[in-house]
Amino acid sequence: MSHMGEERGEDTRDGTTELPGFLAPLPSHLADSASTDQRNSKRKRQSSSQQTLSTSSSRPAKRSRRDLYQKGPLLGRGGFGSVFAGMRRSDGLPVAIKYVSKDRTPERLKVDGQGRLPLEVALMTRVTSAPACPSVLQLLDWFDRPRRYILILERPDPCQDLQSFCEENGCLDERLAKKVLVQLIAALKHCESRGVLHRDVKPENLLISTESQDIKLLDFGCGDLLKRSAYKYFAGTPAYAPPEWFRRHRYHATPATVWSVGVTLYNILCDRFPFRGAQRVTSRSRLTFPRSLSTECRQLIRWCLSAAPADRPSLADLESHPWLHCTEGEQEGQRN
Ligand SMILES: Nc1ncnc2c1ncn2[C@@H]1O[C@H](COP(=O)(O)OP(=O)(O)OP(=O)(O)O)[C@@H](O)[C@H]1O
């Protein structure tokens with residue numbers, strides 16, 4: 001994960017950020033509210049060191065992470081924190097415990113009724129509130145600490161992130177890649193409907209259940225509120241960033257997301273990146289594929305990786321693409 005070109009300008013989150021008007025209205029308890037300023041500062045003064053999402057009234061205050069969740073082995077380490085396997089003591093539920101340094105995201109965002117939450121927590125609160133999407137990882141609880149915050153996340157068991165899965169099993173066949181893409185599109189459409197931009201779609205941020213092959217989108221640490229206008233700073237993984245960011249230092253949410261979906265899909269099917277660097281991608285750049293890949297699949301990836309953002313499909317276009325709706329036998333170009 002990295003943040004590039006930290007030119008916040010209009011995107012500054014100072015607690016007055018407004019949702020763009022084109023978004024579907026959120027449930028009232030999720031809506032940002034400038035009128036809660038005074039209540040929030042009072043609540044902040046009164047708040048205990050521990051905050052929860054929905055169980056704060058039913059649980060004694062100031063119980064620690066240790067009281068409630070048992071920590072297990074390390075699952076992954078990122079630029080700003082670590083993720084451990086864990087278990088909820090009350091019922092043995094498998095969880096993941098993610099520690100995030102406050103240096104990563106000093107921004108806070110108002111969530112009505114819950115005060116100003118760290119950005120990652122606020123975005124996850126938006127996307128995981130009911131009705132939830134089964135393809136987005138659930139935030140179960142969180143703790144605020146002086147130098148870091150701790151997220152308690154759902155942990156499908158057994159599961160692996162898609163990057164490790166591909167390293168162990170080789171690249172995916174088209175049947176499984178389709179299953180991944182269908183779920184990823186559902187997850188991204190759900191985020192969009194909640195006014196959230198994930199901004200770091202890549203195989204490492206997709207968990208796959210090794211039993212059911214169900215997918216969960218994780219890590220909203222690079223995310224932001226969705227807006228119609230261009231973003232002028234980047235957070236995420238440069239290898240998945242769209243060419244317009246490198247060319248003009250600006251990008252719009254959906255075309256950038258769709259670009260990262262294209263890179264992800266190429267990566268899990270071909271076991272490499274599509275281009276040496278998005279910096280050099282133009283409309284004349286050639287994309288090569290393994291001979292075994294079907295024509296429909298190549299067409300979908302090429303569309304996602306169009307050099308011009310306006311030429312890329314929307315999530316709805318992707319959802320109805322023929323590749324996702326034809327069986328293996330119907331795939332004209334499959335050369336296996
Ligand atoms: N809920 C979970 N269940 C199982 N494994 C998880 C879970 N959350 C994270 N992981 C593992 O930990 C890795 C890192 O998680 P995550 O991306 O949330 O951390 P991060 O610190 O934000 O990483 P980065 O800085 O690279 O973005 C994931 O790729 C995955 O392998």
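Counting starts at 1 for both ligands and their atoms, in listed order.
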Do Glu204 and ligand 1 have an N or O pair less than 3.5 Å apart? yes

Identify whether NZ of Lys or CZ of Arg in Arg126 sits under 6.0 Å from the centre of the six-membered ring of Phe220 and within 45° of that ring's axis. no

Sort out for me which residue in Tyr266, Trp259, Phe275, Phe273 forms a ring pair (Phe, Tyr, Trp, His ring centres under 6.0 Å) with Tyr240. Phe273

At a non-hydrogen distance cut-off of under 4.0 Å, which region of Asn205 contacts ligand 1 (side chain, backbone, both, or neither)? side chain

Quick note on ligand 1: atoms under 4.0 Å from a heavy atom of Leu137 include exactly 1 (N)

Asn205 side chain reached by Asp161 side chain, heavy atoms, under 4.5 Å: no

I want to know if ligand 1 touches Lys98 in the polar sense, i.e. an N/O pair below 3.5 angstrom. yes

Compute the shortest N/O to N/O distance between Ser82 and ligand 1 and return yes if it is under 3.5 Å, no if not. no

Checking side-chain hydrogen bond (donor to acceptor under 3.5 Å, both in side chains) against Lys202, which of Asp219, Thr264, Thr237 comes through? Thr237

Polar-atom distance check: Asp219 versus ligand 1, any N or O pair below 3.5 Å? yes

Go through the steps to decide whether Glu174 and Cys326 satisfy the test side-chain contact (heavy atoms from CB on, under 4.5 Å), and finish with yes or no. CA-CA 11 Å; Glu174 287 193 37; Cys326 58; over 6 Å; no

